[in-house]
Amino acid sequence: MNGVIAGINLTYYAIPAAWVISIVPHFYAIRLFTKSSGKEFDNANPKDLLPSTKSNPLIPDQTKQKIARCESAAANGFENLPLFAAAVVASNVAKVPTRTTHLIVAGYLASRVIYNILYIRTDDPKKGAVRSVFYTVGAGFLFSLFIMAGRRTPYFVKL
């Protein structure tokens with residue numbers, strides 16, 4: 001079976017792992033907000049985090065910018081999650097070799113972790129290009145799964 005080790009398809013576990021990688025920057029933003037503002041996070045109105053951050057005079061500008069980058073990194077992760085899930089499913093349906101799928105999925109997850117770290121820590125626009133490289137690498141991993149799945153799928157299906 002494709003993607004199976006001891007009866008467990010590890011590639012499908014990568015989808016919730018990608019979700020966790022996407023949500024971690026949001027949790028870090030909440031931590032930065034509560035630590036620097038002295039206020040609790042308003043979980044009843046979670047999307048008010050950025051406006052609350054921007055309007056709070058107690059939060060230093062650098063921290064405000066870092067919170068905004070955290071939220072942007074989280075949003076980017078969630079925007080890419082459907083494409084990742086589709087790539088994982090496509091590779092499994094097309095029976096792309098297990099080792100290949102595992103390596104590409106691991107590479108994608110690693111690229112997302114590095115991307116998040118660079119997004120959150122980099123405030124210099126010139127250094128932001130390095131972050132973009134890791135974004136592109138991650139996209140390349142996803143596209144390679146789709147391409148491999150497409151090459152293994154027959155052109156015509158007999159009805």
Side-chain angles (χ1 to χ4, degrees), residues 1-35 40-50 52-53 65-123 127-159:
M1 290 202 299
N2 187 39
V4 176
I5 293 180
I8 299 171
N9 186 336
L10 298 176
T11 60
Y12 287 115
Y13 287 92
I15 297 169
W19 184 90
V20 169
I21 291 167
S22 297
I23 196 72
V24 165
H26 175 65
F27 291 149
Y28 183 52
I30 292 169
R31 182 174 167 266
L32 288 171
F33 174 81
T34 57
K35 190 175 178 182
E40 288 297 314
F41 171 66
D42 182 3
N43 204 29
N45 299 292
K47 294 202 176 195
D48 285 348
L49 179 63
L50 280 180
S52 296
T53 298
Q65 292 167 3
K66 185 176 261 189
I67 291 169
R69 289 193 307 273
C70 287
E71 290 295 282
S72 294
N76 184 273
F78 287 118
E79 290 160 2
N80 282 277
L81 192 56
L83 186 63
F84 174 66
V88 168
V89 171
S91 70
N92 278 282
V93 169
K95 297 184 169 104
V96 173
T98 303
R99 181 166 161 57
T100 303
T101 302
H102 283 176
L103 289 172
I104 291 171
V105 164
Y108 174 78
L109 294 176
S111 75
R112 292 306 304 183
V113 168
I114 295 167
Y115 174 85
N116 282 346
I117 291 167
L118 292 173
Y119 206 139
I120 293 165
R121 295 179 140 216
T122 304
D123 57 0
K127 293 179 183 175
V130 176
R131 177 190 80 225
S132 296
V133 167
F134 280 93
Y135 176 85
T136 305
V137 166
F141 284 128
L142 296 183
F143 296 152
S144 68
L145 283 177
F146 282 117
I147 291 166
M148 285 187 278
R151 292 181 65 143
R152 297 179 68 84
T153 305
Y155 290 103
F156 299 100
V157 177
K158 289 185 180 182
L159 300 175

Measure the [atom1]-[atom2] distance between [X] and [Y] for me, rounded to the nearest 0.5 Å.
X: R112; Y: I117; atom1: CZ; atom2: CD1; result: 12.0 Å
X: S111; Y: N116; atom1: OG; atom2: CG; result: 9.5 Å
X: L32; Y: F27; atom1: CG; atom2: CZ; result: 14.0 Å
X: L109; Y: I15; atom1: CG; atom2: CD1; result: 10.0 Å
X: N43; Y: D48; atom1: CG; atom2: CG; result: 11.5 Å
X: I30; Y: L49; atom1: CD1; atom2: CG; result: 6.5 Å

inquiry  = Run the side-chain contact (heavy atoms from CB on, under 4.5 Å) test against E79 and tell me which residues pass, sequence neighbours left out.
reply    =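 Testing E79 for side-chain contact (heavy atoms from CB on, under 4.5 Å), a comparison that skips the adjacent residues, returns A75, N76.
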inquiry  = My understanding is that only residues two or more places apart in sequence, or in another chain, count here; which of them pass side-chain contact (heavy atoms from CB on, under 4.5 Å) with F78?
reply    =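 side-chain contact (heavy atoms from CB on, under 4.5 Å) list for F78, sorted by chain: W19, S22, I23, L81.
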Using a 4.5 Å cut-off on heavy atoms from C-beta on, say whether the side chain of [Y] contacts that of [X].
X: D123; Y: R69; result: yes
X: Y108; Y: L145; result: no
X: S52; Y: F33; result: yes

Pairs involving residues 26-35, ordered by first then second residue, that meet side-chain hydrogen bond (donor to acceptor under 3.5 Å, both in side chains) (sequence neighbours left out) =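 Applying side-chain hydrogen bond (donor to acceptor under 3.5 Å, both in side chains) to every pair that reaches into residues 26-35, excluding sequence neighbours, yields H26-E71.
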message = On a heavy-atom basis, which atom in I120 and which in P25 lie closest, and how many Å separate them?
response =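 That closest heavy-atom pairing would be CD1-CB, 3.9 Å.
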message = Restricting to non-hydrogen atoms, name the atom on R152 and the atom on A94 that form the minimum distance, rounded to 0.1 Å.
response =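 Looking at all heavy atoms of both residues, the shortest contact is NE-O, 3.2 Å.
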message = Please determine whether the number of non-hydrogen atoms from other residues, nucleotides or ligands lying under 6.0 Å from atom CZ of R121 exceeds 12.
response =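 12 or below, so no.
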query = Is the number of heavy atoms from other residues, nucleotides or ligands within 6.0 Å of OH (Y13) greater than 12?
reply =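 It does not: Y13 OH has 12 such atoms or fewer within range.
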key: Partner set under side chain to side chain donor-acceptor pair (under 3.5 Å) for D42, not counting sequence neighbours   =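 Side chain to side chain donor-acceptor pair (under 3.5 Å) check on D42 returns N45.
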Please list every donor-acceptor pair under 3.5 Å in which a side-chain atom of residues 82-89 meets a protein atom from a residue at least two apart or in another chain.
none

Which donor-acceptor pairs under 3.5 Å do side chains of residues 127-144 form with protein atoms, sequence neighbours excluded?
{"from": "T136", "atom 1": "OG1", "to": "S132", "atom 2": "O", "distance (Å)": "2.9"}
{"from": "S144", "atom 1": "OG", "to": "G140", "atom 2": "O", "distance (Å)": "3.4"}
{"from": "S144", "atom 1": "OG", "to": "F141", "atom 2": "O", "distance (Å)": "2.6"}

